[in-house]
Amino acid sequence: MPERVIPGPAESVVRPPAVAPATAQGPTSSTRRPSLPWQAKFGALALIWGSSFLLMKYALHWFAPIQIATGRILFGAVTVTLLLHVVGGRLPRSRRVWAHLLVVGLLLASLPFTLFPLGEERVASALAGIGNATTPMVTVLATAAMLPAERLPGRKIVAVGVGFLGVLVIAQPWQASGRPDLVGFGFTLVAGASYGIGWTWVRTHLAKEDLGGLQLPAALLVVASAEMLVVLLAWWALHRSAFAAPWSSVTGATGGWAQPVLSLLALGVLGTGVAYLLQFDVVRAVGQQVGSLVTYVIPIVSVVLGYLLLGERLGVWQLVGAALVLGAAVFVAGPNRRASRPA
């Protein structure tokens with residue numbers, strides 16, 4: 001049986017809630033020969049999700065953060081739902097599942113997809129990518145709070161502390177100048193934390209449900225689409241003096257419309273749609289443990305692209321803090337060691 005994929009841009013490193021029957025989501029890996037090796041799909045996944053922070057920067061030249069989040073989720077929902085139909089899956093039927101999906105859609109899509117562009121209005125895309133790397137550490141804290149039966153090794157608690165020390169080093173709140181905007185960086189940290197809480201909610205409340213493959217991402221994006229449409233209309237009602245329509249460009253938009261619009265399409269179709277299918281294939285090929293390693297490549301990609309294409313430069317202390325955060329995330333996500341006992 002294939003392992004259940006956990007979708008999203010470095011959303012979490014928690015174990016899948018359950019294993020879904022292969023027949024529920026299409027052909028098995030033994031009957032469906034992959035067109036590309038898993039290494040190529042892994043690389044494409046890291047590039048797609050790592051470039052999402054660059055694409056949000058481009059989209060901000062023309063759109064407001066609420067518009068970016070709504071468009072990204074709508075395009076992603078259409079893409080993933082179509083892919084779900086192609087592989088023979090279907091959306092959940094249980095009312096209980098949909099009730100929990102209201103929370104899951106908020107925590108795994110609506111909230112983080114809004115907070116990241118809000119943060120990038122104030123900080124570099126590279127820092128937003130680093131903020132995303134805090135997800136595994138928050139997952140540990142959320143697990144301790146929501147799943148107390150799971151005992152967490154003391155060394156992982158220490159690693160969480162080291163990670164948050166790295167966040168403090170990046171933010172440098174004791175500096176009067178030369179530090180990143182604390183509000184903007186804080187938005188990205190809350191977005192990363194939202195992923196960790198969201199996936200722990202999935203483990204806590206939906207672990208016994210059959211939501212394998214693309215069923216969970218399709219369902220949560222459908223719910224998030226409804227949530228964001230309400231938010232978009234409420235936001236527009238409050239800003240009608242500046243926006244003639246919900247999709248009007250921001251005042252003082254720079255450059256042409258092509259780059260921001262194409263960036264938004266790429267965020268939805270590729271970063272929130274096709275990437276889910278790529279991750280599903282990677283996990284089916286090599287397992288969840290290897291598939292989750294993409295989490296740690298994403299900040300590196302975001303930093304490199306920000307440097308090459310946007311001319312972003314991180315200070316020495318920001319790089320030191322990023323190293324602490326990324327190192328802590330890798331350690332926290334590692335398997336729990338158990339003392340071997342003789343048979």
Side-chain angles (χ1 to χ4, degrees), residues 8-11 39-40 42-63 65 68 72 112-113 115-137 163 165-173 175 177-192 195 254-256 258-267 270-272 275 278 293-330:
E11 262 66 333
Q39 294 90 340
F42 183 95
L45 198 55
L47 182 60
I48 290 172
W49 278 340
S51 64
S52 65
F53 303 97
L54 172 72
L55 294 174
M56 281 185 274
K57 269 296 190 194
Y58 288 150
L60 282 169
H61 294 164
W62 199 264
F63 298 111
I68 293 173
R72 177 180 183 177
F113 288 177
L115 289 176
F116 275 124
L118 275 172
E120 288 198 43
E121 285 187 317
R122 296 168 173 264
V123 300
S125 65
L127 280 181
I130 294 168
N132 188 83
T134 61
T135 296
M137 294 178 289
L165 175 62
V167 170
L168 193 64
V169 171
I170 293 172
Q172 300 180 74
Q175 292 285 353
S177 61
R179 68 186 184 192
D181 183 277
L182 296 183
V183 174
F185 188 50
F187 282 151
T188 69
L189 295 177
V190 174
Y195 290 141
T254 58
Q259 186 185 63
V261 170
L262 291 176
S263 296
L264 185 56
L265 282 170
L267 279 170
L270 294 178
T272 318
L278 289 176
L293 294 179
V294 72
T295 303
Y296 317 114
V297 185
I298 289 171
I300 299 173
V301 174
S302 71
V303 170
V304 171
L305 291 179
Y307 177 85
L308 294 177
L309 300 179
L310 297 176
E312 296 175 346
R313 302 293 186 269
L314 298 182
V316 173
W317 287 111
Q318 291 172 351
L319 292 174
V320 171
L324 289 174
V325 170
L326 194 56
V330 172

task: Report the distance from atom CG of L267 to atom CG of L55, rounding to the nearest 0.5 Å.
output: 4.5 Å
task: Can you see which heavy atom on G271 is nearest to which on R72, and at what distance?
output: O-NH2, 4.5 Å
task: Kindly assign one of parallel, tilted or perpendicular to the pair Y195 and F116, based on the angle between their ring planes and the thresholds 30° and 60°.
output: tilted
message: To the closest 0.5 Å, what do you measure between CG (L118) and CZ (F113)?
response: 14.0 Å
statement: CG of L165 to CD1 of I170, rounded to nearest 0.5 Å, is 10.0 Å
- prompt: Does any non-hydrogen side-chain atom of Q259 lie less than 4.5 Å from one of S263?
  reply: yes
Side-chain donor/acceptor pairs under 3.5 Å, residues 181-192, sequence neighbours excluded:
residue, atom, partner, partner atom, Å
D181, OD1, R122, NH1, 3.4
D181, OD1, V183, N, 3.1
D181, OD1, G184, N, 2.7
D181, OD2, R122, NH1, 3.4
T188, OG1, F185, O, 2.7

task: Identify the heavy atoms of R179 and A171 that sit nearest to each other, and give their distance.
output: CB-O, 3.4 Å
- prompt: L278 and A44: which non-hydrogen atoms are nearest, and at how many Å?
  reply: CD1-CB, 4.1 Å
field: Polar side-chain atom of K57 near backbone of E120 as donor-acceptor pair, under 3.5 Å
entry: yes
message: Quick check: closest heavy atoms across A46 and V301, and the distance to 0.1 Å?
response: O-CG2, 3.9 Å
Donor-acceptor pairs under 3.5 angstrom involving side-chain atoms of residues 305-327: please list them, not counting sequence neighbours.
residue, atom, partner, partner atom, Å
E312, OE1, S125, N, 3.4
E312, OE1, S125, OG, 2.9
E312, OE1, A126, N, 3.1
E312, OE2, S125, N, 2.8
E312, OE2, S125, OG, 3.1
R313, NH1, Y307, O, 3.4
R313, NH1, G311, O, 3.2
Q318, OE1, G315, N, 3.0

- prompt: For P117 and I68, which heavy atoms make the closest approach, and how far apart are they?
  reply: CB-CD1, 4.2 Å
statement: In terms of heavy-atom contacts, F53 and S302 come closest through CD1-CB, 3.8 Å
message: I'd like to check L264 versus Y58 (side-chain heavy atoms, cut-off strictly below 4.5 Å). Are they in contact?
response: no
query: With a 4.5 Å heavy-atom cut-off, do P299 and N132 have their side chains touching?
result: no
- prompt: From I298 CD1 over to I130 CD1, what is the distance, rounded to the nearest 0.5 angstrom?
  reply: 13.0 Å
